[in-house]
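The chains referred to below are lettered A, B, ... by the order of the sequence lines, with proteins before strands, and numbering in each begins at 1. As the structure is a prediction and not an experimental result, all values here were calculated from the model.
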Amino acid sequence: MRNKHLKESFYLNKNIIDVSENLLGKVLVTNINNTITSGIIIETEAYAGIDDKASHAYNNKRTQRTETMYQKGGIAYVYLCYGMYYLFNVITNIEDVPHAVLIRAIEPLDGINEMQRRRKIKSKKYNLTNGPGKLSIALGIDKSFNGESLLSNIVWIQDNGIKFNKKDILSRPRIGVDYAKEDATLPYRFYIKDNKWISKL
DNA sequence: AAACGGATTGGCT
DNA sequence: GCCAATCCGTTTC
């Protein structure tokens, strides 16, 4: 199990676009009280540090909340959004460079029954994990995951050998960042073409 | 099919 | 006090 964890070097990559694309096809896993749930990452968004107006760390802003983003790559940044949803990010780059990748959607893999129970939905539709708030509920990710190491046995990302064709990786503007002015149109959202679990078309 | 509003709370002005 | 890296049920076209 542990040998499948992505290594720390993966998270120290200084190219946030590169990491955002490389995370597609990797598997995000949580292990809560020995219950494993996981899914294939099929949609990500890059938040490119202090010059990115959509980033919480824009203008090198350091607060209690953003401090997690400034740690060395390889940890989770989880924050409360709209008062009720926890959004899961992967922190990358070296210490003091606040790069983050928001995981926006996953394709369910292991523990689907448990995920449905957590989401309180009965029908087997595509709304189980097709959004950043939804996948956190499904995987049991809450505030306590903030700052957790991705080399831990609580939450991690592994490589199951899933590969996508480069031409099936699309890049488009990010979702819900209209406040970011000119940076709102940067093509920093990456997802798999025609995948049924995308958060939005 | 699209538009709208309510839920709910922490962060910052 | 206002707004936010969202979601869902309901209303309206």
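Residue A:Tyr11 forms a side chain to side chain contact (heavy atoms under 4.5 Å, CB included) with just one option from A:Val90, A:Val101, A:Ile94, and that option is A:Val90.
A side-chain donor-acceptor contact under 3.5 Å links A:Asp142 to the backbone of A:Ser144. With A:Glu45 contributing its side chain and A:Ile175 its backbone, the two residues share a donor-acceptor pair below 3.5 Å.
Between A:Lys53 atom NZ and C:dA4 atom C1' there is a gap of 18 Å when expressed in whole angstrom units. When rounded to the nearest whole Å, the span between CE of A:Met84 and P of C:dA4 equals 17 Å. What separates CG of A:Leu87 from C1' of B:dG11 is a distance of 15 Å, to the nearest Å. Per the geometry, OH belonging to A:Tyr58 stands 17 Å off C1' belonging to C:dA5, to the nearest Å. Distance, A:Ile198 CD1 to C:dC7 P: 13 Å, rounded to whole Å. Per the geometry, OH belonging to A:Tyr126 stands 20 Å off C1' belonging to C:dC7, to the nearest Å. In this structure, A:Glu67 places its CD atom 17 Å from C1' of B:dC12, rounding to the nearest Å. Atom CG of A:Asp142 is separated from atom P of B:dG10 by 13 Å (rounded to the nearest Å).
Stacking here means ring centres nearer than 5.5 Å and ring planes tilted less than 30 degrees, and by that measure A:Tyr47 stacks onto C:dA5.
Within 4.0 Å (heavy atoms only), A:Gly133 reaches sugar-phosphate atoms of the nucleic acid but no base atom. The residue A:Ser55 sits apart from the nucleic acid: no heavy atom pair falls under 4.0 Å. A:Leu80 comes within contact range of the sugar-phosphate backbone alone, with a heavy-atom separation under 4.0 Å but no base atom that close.
Rounded to the nearest 0.5 angstrom, A:Ile42 CD1 and A:Asn195 CG are separated by 4.0 Å. Considering CG of A:Leu186 and CZ of A:Arg174, their distance stands at 5.5 Å, rounded to 0.5 Å. Interatomic distance, A:Ser149 OG to A:Gln71 CD, rounded to the nearest 0.5 Å: 10.0 Å.
Sorted by first then second residue, the side-chain hydrogen bond (donor to acceptor under 3.5 Å, both in side chains) pairs that include residues 73-86 of chain A, not counting sequence neighbours, are A:His56-A:Tyr77.
Side chain of A:Arg65, nearest nucleotide from C:dT6, B:dG11, B:dG10: B:dG11. In this structure, the nucleotide among B:dG11, B:dT9, C:dT6 sitting nearest to the side chain of A:Arg104 is C:dT6. The side chain of A:Pro132 has C:dC7 as its nearest neighbour among C:dA4, B:dT9, C:dC7.
A distance of about 13 Å separates the P atoms of C:dC13 and B:dG5, rounded to the whole Å. C:dC8 sits 22 Å from B:dG10 when the C1' atoms are compared, rounded to a whole Å.
Remark: A:Thr63 is in phosphate contact with B:dC12, judged by side-chain N or O atoms under 4.0 Å from OP1 or OP2. Neither OP1 nor OP2 of C:dA4 sits under 4.0 Å from any side-chain N or O of A:Tyr179.
Between the side chains of A:Glu114 and A:Thr35, no donor N or O sits under 3.5 Å from an acceptor N or O. A:Lys134 and A:Asn130 are linked by a side-chain donor-acceptor pair at a separation below 3.5 angstrom, with hydrogens and angles left out of the test.
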Structure string for DNA chain C in dot-bracket form, Watson-Crick and G-U at under 3.5 Å, | interchain: ||||.|||||||.
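Classification of A:Asp96 and A:Arg62 as a salt-bridged pair holds, one side-chain N sitting under 4.0 Å from a carboxylate O.
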Once base and sugar-phosphate atoms are separated, protein heavy atoms under 4.0 Å mark nucleotides 8-13 of chain C, 5' to 3', with B, S and - as S-----
